2 protein chains.
Amino acid sequence: MTTAETHGKALSIGEVSERTGLSVHALRFYEREGLLIGPVHRTPGGRRQYTPSNVDWLQICVKLRESGMPLSDLKRFTELVRQGPGNEAERLRLLDDHRQRVDAQIQALEECRSVIAWKVDVYAEHLARGEAGGLWDPTP
Amino acid sequence: MTTAETHGKALSIGEVSERTGLSVHALRFYEREGLLIGPVHRTPGGRRQYTPSNVDWLQICVKLRESGMPLSDLKRFTELVRQGPGNEAERLRLLDDHRQRVDAQIQALEECRSVIAWKVDVYAEHLARGEAGGLWDPTP
DNA sequence: CTACGATCTAGAGCAAGGTCTAGATCAAGT
DNA sequence: ACTTGATCTAGACCTTGCTCTAGATCGTAG
């Protein structure tokens with residue numbers, strides 16, 4: 001039951017790159033940095049063979065990175081997961097802290113968005129009318 | 001009327017730093033990079049004297065930066081404004097493109113947020129019950 | 001007048017997060 | 001067998017966006 005990852009078909013690094021959006025360089029880099037839970041399988045010839053669960057994990061990594069989690073935190077999280085059961089409280093703390101940061105970021109972005117949208121309107125309206133106001137032209 | 005900025009009180013770099021949240025280093029850096037519209041006034045002794053309108057501009061810069069606009073775009077925008085009237089269409093395009101990117105970013109963050117929130121729930125629930133499931137423990 | 005903190009310039013340094021290169025090997029099509 | 005394209009490793013290199021340093025100067029409070 002827990003060997004679910006061993007029966008899926010193996011994926012090459014290029015395929016994983018396509019599926020995750022990470023470059024092959026980044027994939028190797030992540031591996032070196034210890035951002036994968038287990039060691040990646042290799043063919044007899046030495047090529048990496050990713051399992052579907054590797055890909056699942058990487059996709060979570062991508063989400064966490066996209067939302068601004070630094071690699072150091074991601075690494076810490078990976079280590080916790082690698083250690084296995086017993087540290088769920090810390091995992092929870094890590095993720096929940098991050099979620100709060102994401103919330104704050106969304107709020108900040110929304111504020112920025114409204115400032116920008118307002119500026120856009122100013123310009124659009126100005127263009128529609130055709131004459132320069134005191135906008136942001138510091139022509140004294 | 002257009003000389004509104006000349007009657008406000010002048011601010012030192014330290015004061016501007018407090019008001020904008022940018023470090024004094026960053027303020028000098030921004031100036032070197034051409035991110036200010038006009039040259040900053042100086043005291044006879046050579047210290048910078050910012051006008052309130054310098055500060056207003058910097059605050060817009062901060063918002064644009066916070067929302068992820070690269071310095072290169074910000075510089076371009078500054079140049080357009082510096083050139084004066086006649087290029088409003090390009091300014092509009094620049095800002096509106098950025099607004100769209102911000103919208104996309106907010107959407108992406110919200111998606112991340114929900115993935116993370118879900119994971120947080122999984123851990124929280126797990127902790128509440130006390131036993132390890134197959135979570136993300138790749139213990140085969 | 002003397003301190004002391006704030007500012008000045010030029011330029012070096014830094015952290016993050018990859019990206020790219022070189023030179024070799026592997027694998028698949030013809 | 002030959003060619004072509006994907007992968008391999010190790011390590012150098014890059015970009016962005018500041019940050020920090022050194023050594024000098026300014027300006028204000030005592």
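So that the names make sense, note that chain A is the first sequence line, chain B the second, and so on, each numbered from 1. No experiment lies behind these values; they were computed from the predicted model shown.
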Taking only nitrogen or oxygen atoms into account, show me every contact under 3.5 Å that the protein makes with nucleotides 26-30 of chain D, one pair per line with its distance.
{"unit_1": "D:dC26", "atom_1": "O4'", "unit_2": "B:Arg47", "atom_2": "NH2", "d": "3.1"}
{"unit_1": "D:dG27", "atom_1": "OP1", "unit_2": "B:Thr43", "atom_2": "OG1", "d": "3.2"}

Name all residues meeting the salt bridge (Lys or Arg N to Asp or Glu O under 4.0 Å) criterion together with [X]; count only those two or more places apart in sequence or in a different chain, and write none if there are none.
X	value
A:Arg76	A:Glu79, A:Glu90
B:Arg42	B:Glu31
B:Glu33	none
B:Arg28	none

*With sequence neighbours left out, what residues match A:Gln49 under side chain to side chain contact (heavy atoms under 4.5 Å, CB included)?*
A:Ala10, A:His41, A:Thr43
*Go along nucleotides 13-20 of chain D 5' to 3' and tag each nucleotide: B for a protein heavy atom under 4.0 Å from its base, S when only backbone or sugar atoms are that close, - otherwise.*
----SBSB
*How would you label the contact of B:Arg48 with the nucleic acid (heavy atoms, under 4.0 Å): base, sugar-phosphate, or nothing?*
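Sugar-phosphate contact only - B:Arg48 comes under 4.0 Å of backbone atoms but never of a base.
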*How would you list all residue pairs meeting salt bridge (charged side-chain N to carboxylate O under 4.0 Å, His left out) that involve residues 58-69 of chain B, not counting sequence neighbours?*
A:Glu111-B:Lys63, B:Lys63-B:Glu66
*Taking only residues at least two apart or on different chains, which pairs with a member in residues 70-94 of chain A satisfy ring-ring contact (aromatic ring centres under 6.0 Å, His included)?*
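Applying ring-ring contact (aromatic ring centres under 6.0 Å, His included) to every pair that reaches into residues 70-94 of chain A, excluding sequence neighbours, yields A:Trp57-A:Phe77.
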*Return each pair, listed once, that meets ring-ring contact (aromatic ring centres under 6.0 Å, His included) where at least one residue sits in residues 87-107 of chain B; pairs must be two or more places apart or across chains.*
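Passing the test, one end in residues 87-107 of chain B: no pairs.
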*Starting from C1' on D:dG11, measure out to CD on A:Glu33 and report it in whole angstrom.*
13 Å
*What is the distance from atom CD1 of B:Ile116 to atom CG of A:Asp97, rounded to the nearest 0.5 Å?*
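With rounding to 0.5 Å, CD1 (B:Ile116) is 11.5 Å from CG (A:Asp97).
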*Contact boundaries on DNA chain C for chain A, cut-off under 4.0 Å to non-hydrogen atoms*: C:dG17 to C:dA27
*Sequence neighbours excluded, which residues qualify as side-chain hydrogen bond (donor to acceptor under 3.5 Å, both in side chains) partners of B:Gln59?*
none
